[in-house]
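Take a look at the structure set out below.
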Amino acid sequence: MYKRRIGAAGAVAALAVGLAACGGGGGGSYSTVVDKVTGASEIIVGTKWDQPSLGLKTGNEPVGYDVDMAKAVIKQLAAGKEVKITWKEAPSKNREALLQNGTVDIIFATYSITEERKGKVSFAGPYIVAHQDTMVRADDAAIAKAMDLKDKRICQAAGSNSYKRITDPPPDGKLGLPAKLVGASNYSECVQKLSGSNLDAVTTDDLILAGFAKQAGGNFKILGDPFTDEKYGIGLKKGDTKTCEAVNKAVTALYQNGEAQKIWTTWFGDAKGLTAPTAAPPAEGCA
């Protein structure tokens, strides 16, 4: 449980106009997430709890880039109200279900926007664009680029599509390489398997890899051979267009006032091979 005082959001004061709660009061029924934020002043946020620099829970609440972006967006939506945030773990394999059954209101969890997922949930954003890359052990000279993953052991994290970018042919995949898939429940387990030589490589978004590489203190290296654009979206229950549009305005405001860039620098400013964002990525639309 996390409680913070939300300051006035001058850059988006107008955003609050028209975002009145449908149910009113603290315990009413709210048809959209933005109504709940402005009416009940509380929200349940799903994020990762096992990804260093993005969403990692070691104390009472998770910390990381996704966590700070969630706080900043909610601050914009609330526009001066006090908001209580309850954090819930949102593993990749459970993200759609958590939104569909109402366990969480909104998800910031390295949630790449895909056409398949659009059929199950609504996406605001993206708020950042990552790029799939590959991480290997620091002493591995046999894998220098993505195409070297042919016939190698790569991780298949539950609920993630990253392995498909390697193994599936275009247009669904990218490389169409034969590779040996080694299952894992999440990317923390993937990294453990890589450390224990049960894998040859972990391939997923460069931001995820950067966090694990930093945590490992030099035991791994990232190839610097990106081959996809991964648009990180903000997950919402299917059809919540009102919140989607409000969140997109909030993300734009965070880039315009420099807060989004500061958050990125806090968590990834010292990461090699990553380019700092300068403006909000184009929104996907809220249909």
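Starting from 1, each residue takes its place in the sequence as its number. Because the structure is predicted, anything quoted here is derived from the model rather than measured. Both backbone and side-chain heavy atoms feed into the values below; hydrogens, waters and symmetry mates do not.
At a threshold of 4.5 Å between non-hydrogen side-chain atoms, the residues Lys231 and Ser112 do not count as touching. Residues Asn248 and Cys286 are in side-chain contact: their nearest non-hydrogen atoms beyond the backbone lie under 4.5 Å apart. Contact check for Phe212 versus Val202: no side-chain heavy atoms found under the 4.5 Å cut-off. Taking 4.5 Å as the limit, every side-chain heavy atom of Lys174 sits out of range of all side-chain heavy atoms of Pro169. Under the 4.5 Å side-chain criterion, counting only non-hydrogen atoms from C-beta, Val67 is not in contact with Trp267. Looking at Val121 and Lys237, their side chains never come closer than 4.5 Å, going by heavy atoms from C-beta outward. The shortest side-chain heavy-atom distance between Ser195 and Asn219 does not fall under the 4.5 Å cut-off. Within the 4.5 Å cutoff, no side-chain heavy atoms of Glu42 are placed close to those of Val83.
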Q: Would you check, one step at a time, whether the test side chain to side chain contact (heavy atoms under 4.5 Å, CB included) holds for Thr32 with Lys36?
A: CA-CA 6 Å; Thr32 72; Lys36 184 176 181 182; over 6 Å; no
Q: Could you walk me through whether Ile43 and Thr86 pass the side chain to side chain contact (heavy atoms under 4.5 Å, CB included) test, one step at a time?
A: CA-CA 6 Å; Ile43 191 169; Thr86 298; over 6 Å; no
Q: Any chance you could lay out the side chain to side chain contact (heavy atoms under 4.5 Å, CB included) test for Ile222 and Asp206, step after step, and finish with the verdict?
A: CA-CA 8 Å; Ile222 300 172; Asp206 53 5; 5.6 Å; no
Q: Decide yes or no on side chain to side chain contact (heavy atoms under 4.5 Å, CB included) for Val247 and Leu77, but give the supporting numbers first.
A: CA-CA 7 Å; Val247 168; Leu77 297 180; 4.0 Å; yes
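A distance of 11.5 Å separates SG in Cys155 from OH in Tyr163, rounded to the nearest 0.5 Å. Note that OG1 of Thr265 is 10.0 Å distant from CG of Asp270, once rounded to the nearest 0.5 Å. Rounded to the nearest 0.5 Å, atoms CG (Asp240) and CD (Glu245) are 9.5 Å apart. With rounding to the nearest 0.5 angstrom, the CG atom of Leu98 is 10.5 Å from the CD1 atom of Ile44. Here CD of Glu189 is found 10.0 Å from CG of Asn198. Values are rounded to the nearest 0.5 Å. Atom OG of Ser188 sits about 7.5 Å away from atom CG of Leu56, to the nearest 0.5 Å.
In this structure, His131 contributes its side chain and Pro226 its backbone to no donor-acceptor pair below 3.5 Å. Here the side chain of Gln261 pairs a donor or acceptor atom with the backbone of Tyr255 at under 3.5 angstrom. For Asp151 (side chain) and Ala179 (main-chain N/O), no donor-acceptor pair under 3.5 Å exists by modelled atom type. Formation of a donor-acceptor pair under 3.5 Å by the Asp68 side chain with backbone atoms of Ile263 is not found in this model. Put simply, the side chain of Thr47 never gets that close to the backbone of Gly55: no donor and acceptor are under 3.5 Å apart. Of the possible polar contacts, none joining the Gln215 side chain to the Gly211 backbone as a donor-acceptor pair under 3.5 Å is found. Remark: the backbone N or O of Val33 is not paired with any side-chain donor or acceptor of Asp105 at under 3.5 angstrom. Proximity of a side-chain donor or acceptor of Arg95 to a complementary backbone N or O of Ile107 within less than 3.5 Å is not detected. A donor-acceptor distance shorter than 3.5 angstrom exists from the side chain of Gln132 to the backbone of Ser162, with no hydrogens or angles considered. A donor-acceptor pair under 3.5 Å is absent between the side-chain atoms of Arg117 and the main chain of Glu96, judged by distance alone.
Ile106 and Ile128 fall within a single hydrophobic cluster, where Ile, Leu, Val, Met, Phe, Trp and Tyr are joined by side-chain heavy atoms under 4.5 Å apart, directly or via other members. By the rule that hydrophobic residues join a cluster once side-chain heavy atoms approach within less than 4.5 Å of another member, Ile85 and Val63 end up as members of one cluster. When the side chains of ILVMFWY residues are joined at heavy-atom separations under 4.5 Å, either directly or via intervening members, Leu207 and Ile113 end up in two distinct hydrophobic clusters. The hydrophobic clustering, which links ILVMFWY residues whose side-chain heavy atoms are closer than 4.5 Å, places Val191 and Leu199 together. Ile234 and Leu99 fall into different hydrophobic clusters, where Ile, Leu, Val, Met, Phe, Trp and Tyr residues are linked whenever their side-chain heavy atoms come under 4.5 Å apart, directly or through other members.
The minimum heavy-atom distance between Tyr127 and Gly233, with the atom names listed, is CE2-O, 3.7 Å. Nearest heavy-atom pair across Thr134 and Leu209 is N-CD1, 3.7 Å. Pairing each heavy atom of Gln76 with each of Ala253, the nearest pair is OE1-CB, 4.1 Å. The minimum heavy-atom distance linking Ser160 with Ser92 is given by the pair N-CB, 4.2 Å. Across all their heavy atoms, Tyr187 and Thr203 have their closest contact at OH-O, 4.1 Å. For the residue pair Leu223 and Ala146, the shortest heavy atom distance occurs at CD1-N, 4.3 Å.
Ring-plane geometry between Phe268 and Tyr65 is classed as perpendicular, the angle between the planes exceeding 60 degrees on a 0 to 90 degree scale with a lower cut at 30.
Ion pairing of Asp148 with Lys145 is present here, as a side-chain N (NZ or NE/NH1/NH2) and a carboxylate O approach within less than 4.0 Å. The pair Asp200-Arg153 meets the salt-bridge criterion, with a side-chain N (NZ, NE, NH1 or NH2) lying under 4.0 Å from an Asp/Glu carboxylate O. Electrostatic pairing of Arg165 and Glu230 counts as a salt bridge here, judged by a charged N lying under 4.0 Å from a carboxylate O. The pair Lys57-Asp50 does not meet the salt-bridge criterion, since no charged nitrogen lies less than 4.0 angstrom from a carboxylate oxygen. Ion pairing of Lys71 with Glu259 is absent here, as no side-chain N (NZ or NE/NH1/NH2) approaches a carboxylate O to less than 4.0 Å. The pair Glu284-Lys118 counts as a salt bridge, with a side-chain nitrogen and a carboxylate oxygen less than 4.0 angstrom apart.
Between Lys48 and the options Thr110, Asn186, Asp66, a side-chain hydrogen bond (donor to acceptor under 3.5 Å, both in side chains) holds for only Thr110. A side-chain contact (heavy atoms from CB on, under 4.5 Å) with Ile154 holds for exactly one of Val182, Leu177, Leu149; it is Leu149.
Counting heavy atoms of neighbouring residues, nucleotides and ligands inside a 6.0 Å radius, atom NZ of Lys193 exceeds 12 of them. Other residues, nucleotides and ligands contribute more than 12 heavy atoms inside 6.0 Å of the NZ atom of Lys221.
Tyr232 meets the ring-ring contact (aromatic ring centres under 6.0 Å, His included) test with no other residue; sequence neighbours excluded. Residues forming a ring-ring contact (aromatic ring centres under 6.0 Å, His included) with Phe123 (at least two apart in sequence, or on another chain): Tyr111. Qualifying side chain to side chain donor-acceptor pair (under 3.5 Å) partners for Glu116, counting only residues two or more places apart in sequence or in other chains: none.
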